[in-house]
Amino acid sequence: MSHTLAYILGIVVLIIGIGLSVALHELGHMLPAKHFGVKVPEYFIGFGPKLWSTRRGETEYGIKAIWLGGYVRLLGMLPPARPGHPDKPGSMVAEARAESLDELGPDEQDRAFYRLSVPKKLLVMAGGILTNLALGVICLTVALGVIGQPAYTATLASVSECVSSDIDAGAACTDADPTSPAAAAGLQVGDTIVSWDGDPTATWAEVQAAIAASGTEPADVVVERDGQALTLTITAVEVPRTVYDAEGNPVTDASGEVITEPRPYVGIGPSLGTVRTPAGEIPRVVGDAVGQTLKAIVTLPAGLYHAVAAGLGLEERNAEGLVSLVGVGRIAGEVSSAGTGTDMGLPFSVRLFSMLSLLGSLNLALFAFNLIPLLPLDGGHVAGACWEGIRRLWARAHGNPDPGYADTARMLPVGQVVFYLLILMAVLLIWVDIVAPI
């Protein structure tokens, strides 16, 4: 597969994943709404021109051209104006109320969303949010526990023919160089080291630890080759190796000379693959991902500031900062096409892990973003239902009359401002992803 085709395929897979996530998010709203009797005339994935639709009962299901979201239309989201507090004729609030209620017939007034009890409203509006949380957790759990995280494995990608004069510099073999212990023992590229001197080795880190522990003494090494187990005897040799600090930089002495130390050397290199995360560690890793996503939402203004500063060339772009769908699409394309057509291409398992993690992170971002208690986000409707419940509990506790429904329509002007701010943020992030991509 060509690099370009693989790049496009990655973006297509991402678009399909986003479409499925949006579809399930909207189902999270629609299913409980229908169960509670709310009238649902439309359920669409995407915006803009209609590509396809079909009607089942009173609901039209369909797909629109721009897959940047979706919607499910619940009638009666906004309550009528309070008695004695009429809306200004022709105002945005008055028109929104009319649009919310005008498709309900005289015998369908009890099917309006605003008539639901507070717990039912919370279930309907939180349904989409919790769906994204569940999808994020599932994607990350599968990526970690089934596919595995990218890591160097115990399968060999290289076997040196000699002990060269400068191993750290990758010096080529000469006739004067001795044969490497790996080549002398008969190790081959593709061998998987099962154990070293009796120590099981499932990861490259365990292979390195076992080599260091056995030193230059002969060690029985069990490898798997073509489905068969072979036992080889390998005797490492001691060679000077560069000492590196925690940041991966060579350590030097007072005169500036690079410091070396003698270490056992075999002459093998690992292949990149995936290593499954132990089941007991997955909840912690996924929990950290959820926590980091919530933190990113709380610090959204600061994150947007740094992204714009990077776009203006004032600072380096943070690889873990905010990105737009353009940036996410680029990441998906690069993951899908990484090394295509070369011997250094990423293994399929690594690409699959990256795509699942990307979709999982997107769903967690949708979950956290929709928690913001402002219209038109789901969190705004959740906040309205909570406020309604608090007012009614307070009135009941103090023997006062029922204060009625929370008038979320009054928040529409604020919601309109939020909507324009969201568009502005999206445009800024797209610009940043073009001029200063991650």
S.K.: Is any side-chain heavy atom of I234 less than 4.5 Å from a side-chain heavy atom of W196?
M.R.: yes
S.K.: Would you check, one step at a time, whether the test side chain to side chain contact (heavy atoms under 4.5 Å, CB included) holds for V222 with L230?
M.R.: CA-CA 6 Å; V222 178; L230 302 175; over 6 Å; no
S.K.: Check the pair V418, L375 against side chain to side chain contact (heavy atoms under 4.5 Å, CB included), reporting the backbone distance first and the verdict last.
M.R.: CA-CA 7 Å; V418 172; L375 295 177; over 6 Å; no
S.K.: Considering only heavy atoms from C-beta outward, does the side chain of P413 approach that of V93 to under 4.5 Å?
M.R.: yes
S.K.: Is the shortest side-chain heavy-atom distance between D197 and V221 below 4.5 Å?
M.R.: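 No, side chains not in contact.
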S.K.: For the pair K50 and E60, find out whether any cationic side-chain nitrogen is under 4.0 Å from an anionic carboxylate oxygen.
M.R.: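 Looking at E60 together with K50, the answer is yes, because their closest N to O distance falls below 4.0 Å.
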S.K.: Is any side-chain heavy atom of F36 less than 4.5 Å from a side-chain heavy atom of V124?
M.R.: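 The answer is yes, as the side chains (C-beta and beyond) meet within the 4.5 Å cut-off.
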S.K.: Quick one: list whatever passes side chain to side chain donor-acceptor pair (under 3.5 Å) with S100, sequence neighbours left out.
M.R.: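 Side chain to side chain donor-acceptor pair (under 3.5 Å) list for S100, sorted by chain: empty.
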S.K.: For the residue pair K64 and F44, would you count it as a cation-pi contact if the rule is NZ or CZ under 6.0 angstrom from the ring centre and within 45 degrees of the ring axis?
M.R.: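 Yes.
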S.K.: Does a salt bridge link R111 with E103, judged by any charged N lying under 4.0 Å from a carboxylate O?
M.R.: no
S.K.: Side-chain contact, heavy-atom cut-off 4.5 Å: V72 with V40?
M.R.: yes
S.K.: Looking at CZ of F348 and CE of M355, how far apart are the two atoms once the value is rounded to the nearest 0.5 Å?
M.R.: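 Between F348 CZ and M355 CE, I get 10.0 Å after rounding to 0.5 Å.
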S.K.: Hey, can you pull the donor-acceptor pairs under 3.5 Å for the side chains in residues 289-303, sequence neighbours left out?
M.R.:
unit_1, atom_1, unit_2, atom_2, d
T293, OG1, A289, O, 2.8
T299, OG1, K295, O, 2.8
T299, OG1, A296, O, 3.4

S.K.: If we check side-chain contact (heavy atoms from CB on, under 4.5 Å) with F367, which of these qualifies: T131, L135, D378, L133?
M.R.: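 Among T131, L135, D378, L133, the one meeting side-chain contact (heavy atoms from CB on, under 4.5 Å) with F367 is L133.
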S.K.: Let me see the working for R56 and T54 under side-chain hydrogen bond (donor to acceptor under 3.5 Å, both in side chains), right down to the final yes or no.
M.R.: CA-CA 7 Å; R56 295 289 185 270; T54 183; 2.8 Å; yes
S.K.: Show every ring pair (Phe, Tyr, Trp, His ring centres under 6.0 Å) that has at least one partner inside residues 263-309, sequence neighbours left out.
M.R.: none
S.K.: Return yes when atom CG of D288 has more than 12 non-hydrogen atoms of other residues, nucleotides or ligands closer than 6.0 Å, and no otherwise.
M.R.: yes
S.K.: Is any side-chain heavy atom of Y420 closer than 4.5 Å to a side-chain heavy atom of L424?
M.R.: no
S.K.: For side-chain hydrogen bond (donor to acceptor under 3.5 Å, both in side chains), just list the numbers for S271 and T155, CA-CA rounded to whole Å, side-chain angles, deciding distance to a tenth of an Å, and then say yes or no.
M.R.: CA-CA 6 Å; S271 63; T155 299; 4.6 Å; no
S.K.: Could you check whether E42 pairs with R55 (Lys NZ or Arg NE/NH1/NH2 to Asp/Glu carboxylate O, under 4.0 Å)?
M.R.: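 Looking at E42 and R55, the cut-off is not met.
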S.K.: Closer than 4.0 angstrom, basic N to acidic O: yes or no for R317 and D433?
M.R.: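 Looking at R317 and D433, the cut-off is met.
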S.K.: Do the non-hydrogen side-chain atoms of L412 and Q416 ever get within less than 4.5 Å of each other?
M.R.: no
S.K.: How about E238: does its CD atom have over 12 heavy atoms from other parts shown lying under 6.0 Å from it?
M.R.: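 For E238, atom CD is crowded (more than 12 foreign heavy atoms under 6.0 Å).
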S.K.: Given side chains that start at C-beta, do those of L14 and L362 come closer than 4.5 Å, heavy atoms only?
M.R.: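 Yes, side chains in contact.
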S.K.: Does R263 come within less than 4.0 Å of E261, counting only side-chain N to carboxylate O?
M.R.: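 Judged by the 4.0 Å cut-off on N to carboxylate O distance, R263 and E261 do form a salt bridge.
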